[in-house]
Structure formats: structure tokens, C-alpha cells
Protein chains: 2
Amino acid sequence: MDSIVQILKQNNLSVTEGRRKILSLFLNSNGALAHADIEKNTHSHFDRVTVYRTLQSFVDKGIIHTIPTSDNSIKYALCKDECGEGHHHDHHVHLVCTRCGNTFCLDNVVTPTVKLPRDYTIQQVEVVVKGICKACNNQ
Amino acid sequence: MDSIVQILKQNNLSVTEGRRKILSLFLNSNGALAHADIEKNTHSHFDRVTVYRTLQSFVDKGIIHTIPTSDNSIKYALCKDECGEGHHHDHHVHLVCTRCGNTFCLDNVVTPTVKLPRDYTIQQVEVVVKGICKACNNQ
DNA sequence: AAATATTTGCAACAATGTTTCTTTTTTTAT
DNA sequence: ATAAAAAAAGAAACATTGTTGCAAATATTT
Ligand SMILES: [Mn+2]
Ligand SMILES: [Mn+2]
Ligand SMILES: [Zn+2]
Ligand SMILES: [Zn+2]
């Protein structure tokens, strides 16, 4: 069976053209995608609302995760860790390349531990590095 | 001289009612502010465009900095480090309280060092912690 | 194949952000 | 203090982004 269909079924999502296509975009992209990237790559074949809903359901199911940015543009990327419905466990660092503008999950770079004063409780640590990506550095 | 006026003059910004009021909001707030918070606190006394432009000029001058979020909502907070026109040097951790929803600069918590593979270049590291803030923990 | 459940697209709306231009305010020079 | 120059604010129009309710279409279950 198609691995895309498999992922959708495993997550109790009914298999529709939009979900198949959008999931395949993530599987075939090495960087993170914004809503606009998806609209563009699908040539607006799907309604904007459908794209929003699809992204949201993928996040809910733990198939993709969001990446924080400083400029009001959510980026989404495939979860490669043990994420599932209702719980994300993405403990890796993200890189925003200031040259090509792409955002990447550095799956092998774990988030450093942060020590806060006693009064605070840590639930999750997000690390976003601005810098130059591999591809841009090698040219 | 009023310290607010002083800050504006030091940064070569002409002193206007809007800038004075918005800067004082930041000086009197212990957390970060979103555009909407400012609109609300000024009772929409200033045009929305003016608020956008004021925030942008403050960021440009290094008076305030933006804080990345995962939900498409830019937060702004006073720069307490050595920031200036064209260069921000905010090396502290940010905390988003999942109970009260506020965002705080933890000025005393320096961002941990991150080690990336040789192919990458680091320019800036942003750390956002989700958790419970001091005030919420002590009640 | 029919019944049921789910998803989609559409429309209308709300919120957020940008651009251009005129008026007003602030700053500088006299 | 006044006039000239510079800068900022406000208004309007528009663009982009995100949300909600509902009927039609599609997918899943029986
Ligand atoms: Mn990631
Ligand atoms: Mn800060
Ligand atoms: Zn790059
Ligand atoms: Zn709190």
C-alpha cells in the first residue's frame, strides 16, 4: 500500500485527494513549508480553507509540527520523532537560513537543556537558529 | 528631562504623543506586548497604521525586539541589552506562560550555546520556553 | 449498493498588515 | 518667536491571512 495512504490510515484520517497531495509535499520537501508554499505547489487546486483544515488536522495527529518564527509566518514540517495525537515530542533545533530563506529541522541536533529560576516550570523548549544552511554554505 | 523623551531623543526619533505613550506602555509592562495589546491599552486613540509604524521604528532603533511564537502573533518587548540601530543583541530566553498566556523576557537566563554540524553557520539563537511563569506558580 | 460519517468548497466575514497621499505636528533655522 | 523644512499621523483603499456555517460532494462502513 502507498506509504502516504498508510500514514493517513494509521492516524484515523480518511484518505482524500487533498490530504494525499499535501502529505506528499511534506514527504518530498527537505525543508519546512508555509501555508503559501502549499497553495503554490498545488496551484490552488484546493480551497484555502481546506488547506488550513488539513494542516490543522495533521498537527493535531502529530504528523507535522509548527516552527516558531519572528515574523508572523507559521512554518510546518514533518514530525520524525515519536509524535502522536495530542502529544508532540520534537526535541530538535530548527534553522532558518538567512541566505535562501528556507527553514530546516536539524533532527540530529537536540535542544539544549535550559535552567530557569525555581519559580518557573518548563514544559517545552523551542530553539530556532538563524544562520546559513548546508546548501548555501557549500557554494 | 522625562526618561521617555530621553530615550526617543537618544535614538533620533522625534517626540510625538504616540511614541511617548507606546514607549511608556512598554516601560510599565513586565511582559511582552502584542499589537492588539497596544490598541487596547490606548483605547484606539491612535490609528492602527501609526501603531504599526511606531513598533517598526522602535524595532529598527533597537528599543524593542520581537519574540518568535508558533501561532502567528508577534510579541514585542523592551531591549535591555546593548541593542542599537541595525543590531540586536538579545541573548536571553523567553518564556510563554501556558496558564496566563503572557510572554516574558528572562533577562538573567542566557541562551545556551548550540553546536551545529560543520556545514552550518550560526548567526543567532532564539530560545522560547513554554511553561508556567513565576506569578502563576505562586498562587 | 445503500446508509452513514466525514470532508470539501463556497460565501460571508473578521482580523491583520500595507501603500499612497494629504494634513498635521515636530524640529530646525532665522 | 516666527518661518521654513522635515517628519509623522491620519484617512482611505486595498491586500493578505484566517475563521465560521452550511450545503454539496466524497469517503467509509454496513
Ligand atoms: Mn522540526
Ligand atoms: Mn526579550
Ligand atoms: Zn540556505
Ligand atoms: Zn503566567
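The chains referred to below are lettered A, B, ... by the order of the sequence lines, with proteins before strands, and numbering in each begins at 1.
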Item to check | Heavy-atom check, side chain of Phe26(A) versus side chain of Ile7(A), under 4.5 Å | outcome: no
Next on the checklist: So for the helix from dA1(C)-dT30(D) to dT30(C)-dA1(D), with five pairs setting each end axis, what is the inter-axis angle to 10°?
Outcome noted: 40°
Next on the checklist: Are Phe46(B) and Glu17(B) packed together at the side-chain level, in the sense that at least one heavy-atom pair is separated by less than 4.5 angstrom?
Outcome noted: yes
Checklist outcome for this item: side chain to side chain contact (heavy atoms under 4.5 Å, CB included) filter on Val15(B), not counting sequence neighbours, yields Val5(B), Leu8(B), Lys9(B), Arg20(B)
Next on the checklist: The criterion is side chain to side chain contact (heavy atoms under 4.5 Å, CB included); which residues satisfy it with Thr103(A), sequence neighbours excluded?
Outcome noted: Ala32(A), Ile67(A), Lys75(A), Val96(A)
Item to check | Distance test, side-chain N/O of Asn72(B) to OP1/OP2 of dT16(C), below 4.0 Å | outcome: no
Checklist entry - Residues sharing Val49(A)'s hydrophobic cluster, by side-chain heavy-atom contacts under 4.5 Å among ILVMFWY, directly or via others? => result none
Item to check | side chain to side chain contact (heavy atoms under 4.5 Å, CB included) partners for Asn41(A), two or more places apart | outcome: Leu25(A), Asp37(A)
Item to check | Passing option when Thr69(B) is tested against Asp71(B), Thr66(B), Asn72(B) for side chain to side chain donor-acceptor pair (under 3.5 Å) | outcome: Asp71(B)
Checklist outcome for this item: Members sharing Tyr120(A)'s hydrophobic cluster, built from side-chain contacts under 4.5 Å between Ile, Leu, Val, Met, Phe, Trp and Tyr, are Val93(A), Leu95(A), Phe104(A), Leu106(A), Val109(A), Val114(A), Leu116(A), Ile122(A), Val125(A), Val127(A), Val129(A), Val93(B), Leu95(B), Phe104(B), Leu106(B), Val109(B), Val114(B), Leu116(B), Tyr120(B), Ile122(B), Val125(B), Val127(B), Val129(B)
Item to check | Contact list for DNA chain D against residues 46-54 of chain A - heavy-atom distance below 4.0 Å | outcome: Arg48(A), Val49(A), Tyr52(A), Arg53(A)
Using nucleotides 23-30 of chain C, report all nitrogen or oxygen pairs with the protein that are shorter than 3.5 Å.
unit_1: dT27(C); atom_1: OP1; unit_2: Val15(B); atom_2: N; d: 2.7

Checklist entry - Atom CG of Leu8(A) and atom P of dT6(C): how far apart are they, to the nearest Å? => result 16 Å
Checklist entry - Rounded to the nearest Å, what distance is computed from the NE2 atom of residue His35(B) to the P atom of nucleotide dT18(C)? => result 10 Å
Checklist entry - Residues sharing Tyr52(B)'s hydrophobic cluster, by side-chain heavy-atom contacts under 4.5 Å among ILVMFWY, directly or via others? => result none
Checklist entry - Within a strict 4.5 Å, meaning less than it, do heavy atoms of the Val110(A) and His92(A) side chains meet? => result no
Item to check | With sequence neighbours excluded, residues passing side chain to side chain contact (heavy atoms under 4.5 Å, CB included) with Asn12(A) | outcome: Lys61(A)
Next on the checklist: Under 4.0 Å from a heavy atom of chain B: give me the 5'-most and 3'-most nucleotides of DNA chain D that qualify.
Outcome noted: dA7(D) to dG18(D)
Checklist outcome for this item: Residue pairs passing the side chain to side chain donor-acceptor pair (under 3.5 Å) test with at least one member in residues 126-139 of chain A, sequence neighbours excluded, are Asn137(A)-Thr121(B)
Checklist entry - Any side-chain donor-acceptor pair under 3.5 Å between Gln6(B) and Asp2(B)? => result no
